[in-house]
Amino acid sequence: MQRFKRPQILAGMALGALWGVLVTGLPHWLGLPYIPAPIALPGAFLAPGLVLALMIGRLAQRRFFDDALIGGQPFAPGSAADTDQRVLANTVEQLVLALAVWPFAAVTLGGAVAIALGLSFACMRIVFWAGCHLSLPLRALGFAGTFYPTVIAGIWAAALWL
C-alpha cells in the first residue's frame with residue numbers, strides 16, 4: 001500500500017518545485033521594480049503570520065470546546081486535532097526557514113520576490129493543512145510549494161551574491 005503513495009507524493013513535489021520556480025522568478029520576469037528589503041519584509045511576513053495565527057486559533061478552539069482537551073491534555077494520535085498540531089509544528093519549522101532565508105533573498109533579489117514568497121507561503125500552507133486532512137497529493141503540493149520557493153530563492157540569492 002505504501003508504494004502507491006510515492007507517485008502521488010512525487011507528483012505533489014514536482015508541482016511544488018515548479019511552483020517554486022514560478023513564485024521566485026515571476027517578479028523578475030514581470031519586470032517588477034526593486035523594492036528595498038526594509039520596506040518589503042514586513043509585508044512579506046504578514047500573510048504567513050496570519051495563517052499561523054489561524055492555525056493556533058483553530059487548535060485553541062478545538063481545546064476550548066472539547067471537555068477531554070480543555071485542560072491541556074495531549075491530542076489523541078490520528079485525531080483531527082493531532083493533525084492540526086502537526087501542521088502547526090511543520091508550519092513553524094517552515095517559517096523559521098523563511099526567517100533565515102527571505103531577508104537575504106529580499107536584499108539580493110529584491111523585495112518583490114520576498115512579498116511573492118510570503119503570499120505563496122500563506123496559500124501553500126493552507127493547501128498543506130487541507131491536504132493533511134483530505135488528500136495526500138494536496139499535502140505533498142502544500143509542503144513542496146512552501147519549501148521549494150524558499151530554497152530556490154536562497155540558492156538564487158547566494159549564486160548572485162557570489
K.L.:
Would you say Leu88 ends up clustered with Leu134 if hydrophobic residues are merged whenever their side chains have heavy atoms under 4.5 Å apart, either directly or through other cluster members?
P.N.:
no
K.L.:
Check whether any side-chain heavy atom of Asn90 sits under 4.5 Å from a side-chain heavy atom of Arg125, and report yes or no.
P.N.:
yes
K.L.:
Does any non-hydrogen side-chain atom of Val113 lie less than 4.5 Å from one of Leu32?
P.N.:
no
K.L.:
On the 0 to 90° scale, with breaks at 30° and 60°, tag the Phe143-Phe128 ring pair as parallel, tilted or perpendicular.
P.N.:
tilted
K.L.:
Give a yes or no on whether Trp29 atom CH2 has more than 12 heavy-atom contacts from other residues, nucleotides or ligands under 6.0 Å away.
P.N.:
yes
K.L.:
Any side-chain heavy-atom pair from Arg139 and Trp129 closer than 4.5 angstrom?
P.N.:
no
K.L.:
Nearest 0.5 Å please: distance from the CG atom of Leu160 over to the CG atom of Leu109.
P.N.:
6.0 Å
K.L.:
Closest heavy-atom contact between Arg62 and Ala80?
P.N.:
NH2-CB, 3.5 Å
K.L.:
Grab the two heavy atoms, one from Trp161 and one from Thr108, that are nearest each other, plus how far apart they are.
P.N.:
CE3-OG1, 3.8 Å
K.L.:
Hey, what else clusters with Ile70 if you join Ile, Leu, Val, Met, Phe, Trp, Tyr whenever side-chain heavy atoms sit under 4.5 Å?
P.N.:
Phe64, Phe65
K.L.:
Just verifying a value: how many Å separate Thr91 OG1 and Asp84 CG, rounded to the nearest 0.5 Å?
P.N.:
10.0 Å
K.L.:
Using the test side-chain hydrogen bond (donor to acceptor under 3.5 Å, both in side chains), find all partners of Arg58 that sit at least two apart in sequence or belong to another chain.
P.N.:
Gln61
K.L.:
Mind checking whether Leu97 and Phe147 have side chains closer than 4.5 Å, heavy atoms only?
P.N.:
yes
K.L.:
State yes or no: do Val107 and Ile115 share one hydrophobic cluster built from I, L, V, M, F, W and Y residues joined by side-chain heavy-atom distances below 4.5 Å, directly or via other members?
P.N.:
no
K.L.:
Same hydrophobic cluster for Met124 and Leu119, using side-chain heavy-atom links shorter than 4.5 Å among ILVMFWY?
P.N.:
no
K.L.:
Enter the distance from Ser120:OG to Leu26:CG here, rounded to the nearest 0.5 Å.
P.N.:
11.0 Å
K.L.:
Out of curiosity, Met55 CE to Leu50 CG, how far, rounded to the nearest 0.5 Å?
P.N.:
12.0 Å
K.L.:
Ignoring hydrogens, what is the shortest heavy-atom contact between Thr24 and Ala153? Give both atom names and the distance.
P.N.:
CG2-CA, 3.8 Å
K.L.:
Can you hop from Tyr148 to Phe104 via hydrophobic side chains spaced under 4.5 Å?
P.N.:
no
K.L.:
Using a 4.5 Å cut-off on heavy atoms from C-beta on, say whether the side chain of Phe121 contacts that of Phe45.
P.N.:
no
K.L.:
Determine the minimum heavy-atom distance between Leu59 and Ala81, stating which atoms define it.
P.N.:
CD2-O, 3.6 Å
K.L.:
Side chains of Leu10 and Pro7: closer than 4.5 Å at any heavy-atom pair?
P.N.:
no
K.L.:
Which pair of heavy atoms, one from Tyr34 and one from Gly110, lies closest together, and at what distance?
P.N.:
CE1-CA, 3.3 Å
K.L.:
So, is the end of the Arg86 side chain (NZ or CZ) under 6.0 Å from the ring centre of Phe75 and within 45° of the ring's axis?
P.N.:
no
K.L.:
Let me check something: do Val51 and Trp102 share a hydrophobic cluster, defined by ILVMFWY side-chain heavy atoms less than 4.5 Å apart, either directly or through other members?
P.N.:
yes
K.L.:
Drop me the distance from Leu95's CG to Thr146's OG1, to the nearest 0.5 angstrom.
P.N.:
10.5 Å
K.L.:
Roughly how far, to the nearest 0.5 Å, is the CE atom of Met13 from the CZ atom of Arg6?
P.N.:
11.5 Å
K.L.:
Write down the atom of Ala114, the atom of Leu41, and the distance for their closest heavy-atom approach.
P.N.:
CB-CD2, 4.1 Å
